[in-house]
Amino acid sequence: MTRGYAKAEQRNQEAREALKPLAPGERPLVVTLGAVVAALIAISILVGYAAGTKVNGEQPKLVQVIAPTLLMGVMAWGMWRARYWAVLGFQLLLVFLIFSAFFGLTLQASTVAQFAGTLLLLAVAGTFFFFMVKAMARIQMPERVPRD
């Protein structure tokens with residue numbers, strides 16, 4: 001067991017050493033795409049509200065529109081600036097989306113179109129998540145400065 005752990009830790013260390021940190025102003029492509037997607041979601045929420053879109057027969061309250069718009073907008077800004085916390089938050093949303101799509105696929109999909117759409121959503125979200133893991137490793141969590 002110990003030998004297996006040491007071997008795995010050696011592979012992990014080699015993988016960490018192979019990563020090169022981002023240059024100042026550099027942003028991985030997947031993080032840029034994530035920032036654009038988050039911004040488009042924020043904009044679409046505002047446009048839908050302004051257009052009078054109804055949800056379950058009622059127009060949402062302003063707070064129900066501002067909260068997700070603000071969340072996605074801040075996340076888009078953070079990813080555009082290649083901030084670790086923003087990428088981590090976007091990955092958290094992707095995990096919720098992956099779980100929701102999986103359960104929708106197994107429990108709710110009743111037509112071929114629903115099955116295909118949910119499977120596509122699952123594939124896109126999973127791929128996005130996979131590529132963001134390496135991007136997060138390159139962004140690297142900033143080290144904390146100890147208090148005096």
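As the structure is a prediction and not an experimental result, all values here were calculated from the model. When a residue number appears, it is its place in the shown sequence, counting from 1.
- Under the 4.5 Å side-chain heavy-atom criterion for Ile, Leu, Val, Met, Phe, Trp and Tyr, F99 and L94 are members of the same hydrophobic cluster.
- Nearest heavy atoms, P60 versus V65: CB-CG2, 4.1 Å.
- In this structure, R138 and E26 have side chains that are in contact, with non-hydrogen atoms separated by less than 4.5 Å.
- Under a 3.5 Å cut-off, the side chain of T106 and the backbone N or O of F103 do form a donor-acceptor pair.
- Atom CD1 of I45 is separated from atom CE of M72 by 7.0 Å, given to the nearest 0.5 angstrom.
- Atoms CG and CZ, from L93 and F129 in turn, are 11.5 Å apart once rounded to the nearest 0.5 Å.
- Between the OG1 atom of T118 and the CG atom of L107 there is a distance of 11.0 Å, given to the nearest 0.5 Å.
- In this structure, G78 and A86 approach most closely via the heavy-atom pair C-CB, 3.4 Å.
- Under a hydrophobic-cluster definition in which Ile, Leu, Val, Met, Phe, Trp and Tyr are linked whenever side-chain heavy atoms come within less than 4.5 Å, directly or via other members, L40 and L70 are assigned to different clusters.
- A side-chain donor-acceptor contact under 3.5 Å links R83 to the backbone of R81.
- Here the closest non-hydrogen pair linking V31 and A135 is CG2-CB, 3.7 Å.
- Shown here is F131, whose CZ atom has no more than 12 heavy atoms of other residues, nucleotides or ligands within 6.0 Å.
- Side-chain contact of S110 with Q114: a donor-acceptor pair under 3.5 Å is present, judged by distance alone.
- Residues V74 and W85 meet the side-chain proximity criterion, which asks for heavy atoms closer than 4.5 Å.
- With sequence neighbours excluded, no residue forms a ring-ring contact (aromatic ring centres under 6.0 Å, His included) with Y49.
- A pairwise comparison of heavy atoms in A38 and A76 identifies CB-CB, 3.8 Å as the closest pair.
- Counting only distance, with no hydrogens or angles, the side chain of S100 and the backbone of L97 share no donor-acceptor pair below 3.5 Å.
- Between F90 and V37 the shortest side-chain heavy-atom distance falls below 4.5 Å.
- Annotation: the span from Q59 atom CD to K61 atom NZ amounts to 10.5 Å, rounded to 0.5 Å.
- Heavy atoms only, all atoms of each residue included: A82 and I139 are closest at O-CG2, 3.5 Å.
- Residues K134 and V30 have side chains not in contact (no heavy-atom distance under 4.5 Å, counting atoms from C-beta outward).
- If you chain together hydrophobic residues whose side chains sit under 4.5 Å apart, V124 and L33 never meet in one group.
- At a threshold of 4.5 Å between side-chain heavy atoms, the hydrophobic network of Ile, Leu, Val, Met, Phe, Trp and Tyr places L62 and L46 in one connected group.
- Sparse packing is recorded around CD of E58, with 12 or fewer heavy atoms of other residues, nucleotides or ligands lying under 6.0 Å away.
- Considering OG1 of T127 and CG of L122, their distance stands at 9.0 Å, rounded to 0.5 Å.
- Atoms CE and CG, from M75 and L92 in turn, are 8.0 Å apart once rounded to the nearest 0.5 Å.
- Linking ILVMFWY residues whenever their side-chain heavy atoms come closer than 4.5 Å, directly or via other members, leaves F96 and F128 in distinct clusters.
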